[in-house]
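Just below is one structure, and these are the notes that go with it.
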There are 2 protein chains.
Amino acid sequence: MAEREISQAVIGRLPRYFRYLGELKDREVERISSRELSDMMHVTASQIRQDLNHFGGFGQQGYGYNVEYLYREIGKILGLDKTHHLIIIGAGNLGQALANYMNFQRQGFIFTGIFDVNPALIGKKIRGIEVRPMEEVTGFIRQNNVDIAVLTIPKSEAVAVAERLTAVGIKAIWNFAHVDLDVPEGVQVENVHLSDSLMRLSYMIDRYESQKK
Amino acid sequence: MAEREISQAVIGRLPRYFRYLGELKDREVERISSRELSDMMHVTASQIRQDLNHFGGFGQQGYGYNVEYLYREIGKILGLDKTHHLIIIGAGNLGQALANYMNFQRQGFIFTGIFDVNPALIGKKIRGIEVRPMEEVTGFIRQNNVDIAVLTIPKSEAVAVAERLTAVGIKAIWNFAHVDLDVPEGVQVENVHLSDSLMRLSYMIDRYESQKK
DNA sequence: ACTATTCTGTTAAAAATGTGTCAAATCGAA
DNA sequence: TTCGATTTGACACATTTTTAACAGAATAGT
């Protein structure tokens, strides 16, 4: 496994395959061909076969792919068989929403702590976990073996906080702040820039309107 | 303007340019060259020049780009000079978080209404706007000239609701449900699949760990 | 057991995307 | 005003990504 670097394009598509296979599994479908999956997902069968083959031959000629097996294998590739400890920095609306969201989703992500600078929020319980003051965050990461920090704080603070987190060895940051973080080699960052997303939507609306005319 | 189809890749980068230019504008920087911007954003200067040129020659040889002007032009391309009326479907944690978030961001997006099926939430005020029952949504869209619906509801309901919304002529859906929507031609959909994003992060963590070894 | 059909993994071609280079335009200092 | 330095826009080239095609393997029906 993992001979050559897998492209971001392929990785980006894996969660979507995983989602569709999960659905098929729930519907107790036993096997599926790249062609059928292609029809469901509106991508070419060729792409599906080639994507999956980056990780090994999961299918069988004349049969297709076993849903259960493929689902589990993609899960492994995505690292969902391992548990990840996760803290949320920023107990505002979005932070709280994600905390709640985490408890529904349990693909190996364990919500361990939540932090804020606002004294009014400290001590408040969210999904059974108390909001802690920001000062405690570095100690907490070290003691609780935290892998992922979720950043739901204003951009003005995000850069400084990210630096603090990487200094104590956080492995990954799920960044909801509207700013690009500059982290040391080896720290993974996944950005969720909601305003960027909304702007793309705005562009597409306008583009269609003017095209139509 | 808009001679040939602009690729998704280019559109995807525009909001990021917009963000950096906004920052430069705030710092009262007057002009910038593709080279300087390239250093800031960690992309090639060539790509910046080519991307911007899809929309017309905003720069000037020997001078570079005027920050204020370029910022405004990209804003126009993204449709941020027009106002968009937006409603939120699903007044759960995420829906409320986005409602609050919208009020901070005012790039022409006007938060007009929020809806839920849960009777316990109806009537509750969020940012000064009352949660309305779902039955009223179609009438509301027609009467208030709503462009965008934000979907923060469980995937089990999302498909049916999307169908209802498109039937009354919604132009765009900002979809936070974990499901792909199948909408009629001309309705724009921008997905924010948070779980997909988290899985990519998980993959990257694992990939780095095993590489390091 | 035979044969037509199904379907993968792989290779090659095509399409899309990104990068380097350079002429021409403009700037700014002397 | 002149001239070297700067910087764009254009274009050609390189790379990446996607799609098509097909040989070979397995299936399923008879």
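In what follows, chains are A, B, ... by sequence order, proteins preceding strands, each numbered from 1. All heavy atoms count here, side chains included; hydrogens, waters and symmetry mates do not.
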Quick one: which of dA12(D), dT8(D), dT19(D) gets closest to the side chain of Q50(B)?
dA12(D)

Let's see if you can work this out: which of dT8(C), dT17(C), dA20(D) has an atom nearest to the side-chain heavy atoms of S33(A)?
dT8(C)

Can you check whether Y65(B) has a side-chain N or O nearer than 4.0 Å to OP1 or OP2 of dT6(D)?
no

Does N53(A) make a side-chain N or O approach to OP1 or OP2 of dT10(C) shorter than 4.0 Å?
yes

Looking at V189(A), N191(A), N175(A), which hits side-chain contact (heavy atoms from CB on, under 4.5 Å) with D180(A)?
N191(A)

Quick check for you: among dT10(C), dT19(D), dT18(D), whose closest atom lies nearest to any side-chain atom of A9(A)?
dT18(D)

May I ask you to decide if the ring planes of H193(A) and H178(A) are parallel, tilted or perpendicular, using 30° and 60° as cut-offs?
perpendicular

Residue-phosphate contact under 4.0 Å: S46(A) side-chain N/O, dT18(D) OP1/OP2
no

Any side-chain to backbone donor/acceptor pair from S34(A) onto I48(A)? Under 3.5 Å, distance only.
no

Is the shortest side-chain N/O distance from S7(B) to OP1 or OP2 of dT17(C) below 4.0 Å?
yes

Would you mind building the protein contact string for nucleotides 22-30 of chain C? One character per nucleotide, 5' to 3', B for base within reach (heavy atoms under 4.0 Å), S for sugar-phosphate only, - for untouched.
--BBBSS--

Using OP1 and OP2 only, check whether a side-chain N or O of S34(A) sits under 4.0 Å from dC7(C).
no

Let's go through R72(A) and D81(A) carefully: what are the C-alpha distance in whole Å and the side-chain angles of both, what is the deciding distance for salt bridge (Lys or Arg N to Asp or Glu O under 4.0 Å) to 0.1 Å, and is it a yes or a no?
CA-CA 9 Å; R72(A) 220 175 24 244; D81(A) 54 335; over 6 Å; no

